[in-house]
Amino acid sequence: MQVSVETTTGLERQLTVVVPADRVDSDVAKRVQETARTVRLDGFRPGKVPVKVVKKRYGQGIRQEVIGEVVQQSFYEAIQQESLTPAGGPNVEFKTDKEGEDFSYTATFEVYPEITLADFSGVEIEKNSAEVKDADLDQMIDTLQKQQAAYEEADKAAAEGDQLNIDFEGFIDGEAFDGGTATGMDLVLGSNTMIPGFETALEGAKAGDEKEVNVTFPEEYHAENLKGKDAKFNVKVNKVSAQVLPELNEEFFAKFGIEEKSVESFKVEVRKNMQRELTQALKAKLKEAVFGKLVEVNAIDVPTALIDGEIDAMRRQAIQQFGGADANIDPNMLPKEMFSEQAEKRVKVGLLVSEVVKANELKVDDDRVRTTVEELAATYQEPQEVIDWYYSNQEMLNQIQNLVLEDQVLDLLLDSAKVSETELSYEDAIKPAAPAAAEESEEA
């Protein structure tokens with residue numbers, strides 16, 4: 001077998017393989033004879049069909065079957081021989097395929113980049129810190145109460161947090177427009193449900209009031225025909241209802257899955273959950289900073305095949321996130337451009353994290369795996385059952401091991417970098433990190 005390799009562009013390689021004629025022809029002949037012993041044809045006894053008849057009727061299909069197997073086997077042998085690591089399946093094109101002549105084909109594919117990691121010791125990393133303060137806890141409990149709030153009709157001027165029942169009709173340049181009319185709609189002031197200015201204009205209104213509300217649709221509004229347009233709404237307030245917060249009692253605690261009887265015990269549980277969320281958020285921000293710098297100091301080319309694979313995964317995740325999986329929505333309906341930039345960053349992080357693991361001969365820390373599983377299990381009512389489930393499910397355990405290995409890479413990079421610490425408020429700390437880090441190293 002003859003093999004030659006050509007670098008076409010960047011990471012793309014074109015492999016030309018020539019397979020001796022006898023390797024293909026002998027396999028075809030053997031397969032024809034096997035078929036003759038088993039095939040049934042009218043006019044011939046079973047096992048007595050002449051080889052010539054079988055070859056004439058089935059020879060082309062048999063040859064294509066053999067060629068497929070030869071390509072698969074010879075391609076594997078060729079990449080082993082040339083020490084190539086394909087990053088995706090090859091695009092195969094036959095050059096010669098004729099009985100009695102050497103069979104040849106070209107296989108075009110991308111390879112993984114060769115990576116030489118840059119020195120990380122001079123890289124500056126900003127590490128955020130925060131804590132759950134009493135004021136944060138009080139605000140969280142207030143938020144939980146508002147989530148479960150009821151509304152009671154009240155004879156009062158509407159204020160932020162009150163619920164109004166309204167009728168309205170909208171006009172642009174004196175003409176009513178589609179979607180600008182509603183009857184008996186409930187609206188909580190301060191919910192930012194309506195376009196800017198609408199809700200604030202209704203503050204102070206009472207039941208029975210009729211108001212003219214003048215607003216401007218935002219330039220980024222979803223309806224093209226309304227973007228940036230000035231509009232007038234004639235609004236009638238049917239009812240004003242005041243928000244009534246639930247009491248902090250056992251019934252309220254149970255709605256959040258917390259079986260506590262006292263307010264103080266409830267606060268302890270809420271603080272634990274807030275601390276857990278804070279720890280995860282700070283870790284995500286740190287990964288974003290560190291892995292972002294890792295990509296910044298290591299300029300690498302990435303195979304298109306890997307980016308396309310990541311885009312497909314992100315499409316499926318997006319469909320699942322918005323409930324589209326149940327509606328059988330085709331993920332390919334989502335444009336590649338929506339995900340291409342983030343997908344490329346994810347692939348880069350995955351390749352670089354994998355290279356750090358390889359260069360430093362990192363092995364998964366089993367103790368950290370156990371600790372991580374126990375931390376996850378602690379959020380469930382029967383922690384030991386969850387722990388046992390993880391350790392009996394190799395696929396799920398592999399996911400935890402990959403996360404732990406990623407954390408070990410993070411620690412290694414932090415040890416060599418110049419780290420400064422910035423304190424954030426709880427509210428700022430739990431805001432999601434810019435999309436790029438926490439999930440980007442899944443490829444590793």
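When reading the values below, keep in mind they use all heavy atoms of this one structure, side chains included, and skip hydrogens, waters and symmetry mates.
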- Task: Under the side chain to side chain contact (heavy atoms under 4.5 Å, CB included) rule, what do Tyr390 and Thr372 come out as? Steps first, then yes or no, please.
- Result: CA-CA 11 Å; Tyr390 267 103; Thr372 302; over 6 Å; no
- Message: Before you tell me yes or no, could you show the steps for Val295 and Val349 under side chain to side chain contact (heavy atoms under 4.5 Å, CB included), namely the whole-Å CA-CA distance, both residues' side-chain angles and the distance that decides it to 0.1 Å?
- Response: CA-CA 6 Å; Val295 170; Val349 169; 3.5 Å; yes
- So Leu334 and Ile319, side chain to side chain contact (heavy atoms under 4.5 Å, CB included) or not? Walk me through it. CA-CA 9 Å; Leu334 300 177; Ile319 293 295; 4.0 Å; yes
- Item | Worked check of side chain to side chain contact (heavy atoms under 4.5 Å, CB included) between Lys336 and Asp308 | CA-CA 8 Å; Lys336 290 179 66 172; Asp308 289 342; 3.1 Å; yes
- Audit row: Asn273, Glu277, side chain to side chain donor-acceptor pair (under 3.5 Å) steps and yes/no: CA-CA 6 Å; Asn273 290 333; Glu277 181 183 13; over 6 Å; no
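A parallel orientation is assigned to the rings of Phe253 and Phe266, their planes being inclined by less than 30° (bins at 30° and 60°).
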What pairs of donor and acceptor atoms, side-chain ones from residues 129-139 against any protein atom, are under 3.5 angstrom apart with sequence neighbours left out?
residue	atom	partner	partner atom	Å
Ser129	OG	Glu421	OE2	3.2
Asp134	OD1	Arg271	NH2	2.6
Asp136	OD2	Lys133	N	3.0

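In this structure Tyr426 satisfies the ring-ring contact (aromatic ring centres under 6.0 Å, His included) test with no other residue, sequence neighbours excluded. Taking the salt bridge (charged side-chain N to carboxylate O under 4.0 Å, His left out) definition, one finds that Glu355 meets it with nothing, sequence neighbours left out. Residues meeting the side-chain hydrogen bond (donor to acceptor under 3.5 Å, both in side chains) test with Thr422, sequence neighbours left out: Glu126. Remark: Ser340 pairs with no residue by the side-chain hydrogen bond (donor to acceptor under 3.5 Å, both in side chains) rule, at least two apart or across chains. By the side-chain hydrogen bond (donor to acceptor under 3.5 Å, both in side chains) test, Thr8 pairs with Glu12, sequence neighbours left out. Every salt bridge (charged side-chain N to carboxylate O under 4.0 Å, His left out) that Lys55 has, sequence neighbours left out, goes to Glu99. A search for side-chain hydrogen bond (donor to acceptor under 3.5 Å, both in side chains) contacts involving Asp22 returns nothing, not counting sequence neighbours. Taking the ring-ring contact (aromatic ring centres under 6.0 Å, His included) definition, one finds that Tyr391 meets it with nothing, sequence neighbours left out. For Arg31, the salt bridge (charged side-chain N to carboxylate O under 4.0 Å, His left out) test picks out Glu65, Glu69, with sequence neighbours left out.
Within a 6.0 Å sphere centred on CD of Glu82, other residues, nucleotides and ligands contribute more than 12 heavy atoms. Within a 6.0 Å radius of CD in Gln394, other residues, nucleotides and ligands contribute more than 12 heavy atoms. At most 12 heavy atoms of other shown residues, nucleotides or ligands fall within 6.0 angstrom of atom NZ in Lys358. At most 12 non-hydrogen atoms from other residues, nucleotides or ligands lie less than 6.0 angstrom from NZ of Lys146. In this structure, Gln2 places its CD atom where only 12 or fewer heavy-atom neighbours from other residues, nucleotides or ligands lie under 6.0 Å away. Atom CD of Gln381 has 12 or fewer neighbouring heavy atoms from other residues, nucleotides or ligands inside a 6.0 Å radius.
The residues Lys348 and Glu344 are annotated as salt-bridged, a charged nitrogen and a carboxylate oxygen being separated by less than 4.0 angstrom. Ion pairing between a basic and an acidic side chain is recognised when a charged N comes within 4.0 Å of a carboxylate O; Lys272 and Glu269 show such pairing. Under 4.0 Å is where a charged nitrogen must lie from a carboxylate oxygen, and between Asp173 and Lys229 no such pair does. Here Arg23 does not pair with Asp27 in a salt bridge; the nearest charged N to carboxylate O distance is not below 4.0 Å.
Once rounded to the nearest 0.5 Å, the distance linking CZ of Phe217 with CD1 of Ile172 reads 5.5 Å. Atom CG of residue Leu351 and atom CD1 of residue Ile300 lie 5.0 Å apart, to the nearest 0.5 angstrom. Here the CD1 atom belonging to Ile387 is positioned 12.0 Å from the OG atom belonging to Ser392, to the nearest 0.5 angstrom. Taking CG of Asn128 as the start and CD of Glu288 as the end, the distance is 11.5 Å to the nearest 0.5 Å. Atom-to-atom distance recorded for Asn298:CG and Leu352:CG is 5.0 Å, nearest 0.5 angstrom. Rounding to the nearest 0.5 angstrom, the gap separating the CG atom in Leu41 from the CZ atom in Arg57 is 5.0 Å.
Remark: the backbone N or O of Asp102 is paired with a side-chain donor or acceptor of Thr96 at under 3.5 angstrom. Proximity of a side-chain donor or acceptor of Lys287 to a complementary backbone N or O of Leu410 within less than 3.5 Å is not detected. For the pair Asp330 (side chain) and Asn332 (backbone), a donor-acceptor distance under 3.5 Å is present. Of the possible polar contacts, one joining the Gln408 side chain to the Asp365 backbone as a donor-acceptor pair under 3.5 Å is found. Between the side chain of Lys285 and the backbone N or O of Lys431, at least one donor-acceptor pair lies under 3.5 Å. In terms of modelled atom types and a separation under 3.5 Å, the side chain of Asn393 and the main chain of Trp389 share no donor-acceptor contact.
In this structure, Glu199 and Met194 approach most closely via the heavy-atom pair OE2-N, 3.1 Å. Residue Val213 comes nearest to Gly197 through the heavy atom pair CG1-O, 4.3 Å, listed as atom of the first residue, atom of the second, then distance. Residues Met1 and Ala78 approach most closely at CE-N, 4.1 Å, considering heavy atoms. Across every non-hydrogen atom of Leu11 and Pro303, the tightest pair is CD1-N, 3.6 Å. Leu306 and Ala87 make their closest contact through CD2-O, 3.5 Å (heavy atoms, listed as atom of the first residue, atom of the second, distance). Minimum interatomic distance between Arg316 and Pro331 (heavy atoms only, all atoms of both residues): CG-CG, 4.1 Å.
Side chains of Met314 and Ile311 form no contact here, defined as non-hydrogen atoms less than 4.5 Å apart. Using a 4.5 Å heavy-atom cutoff, the side chains of Leu286 and Leu414 are in contact.
At a cut-off of 3.5 Å, with distance as the only test, a side-chain donor of Glu110 or Thr304 sits close to an acceptor on the other residue.
Here salt bridge (Lys or Arg N to Asp or Glu O under 4.0 Å) pairs that include residues 370-397, with residues two or more places apart or in two chains, are Arg370-Glu374. Within the structure, ring-ring contact (aromatic ring centres under 6.0 Å, His included) contacts touching residues 39-92 (residues at least two apart or in different chains) are Phe75-Phe109.
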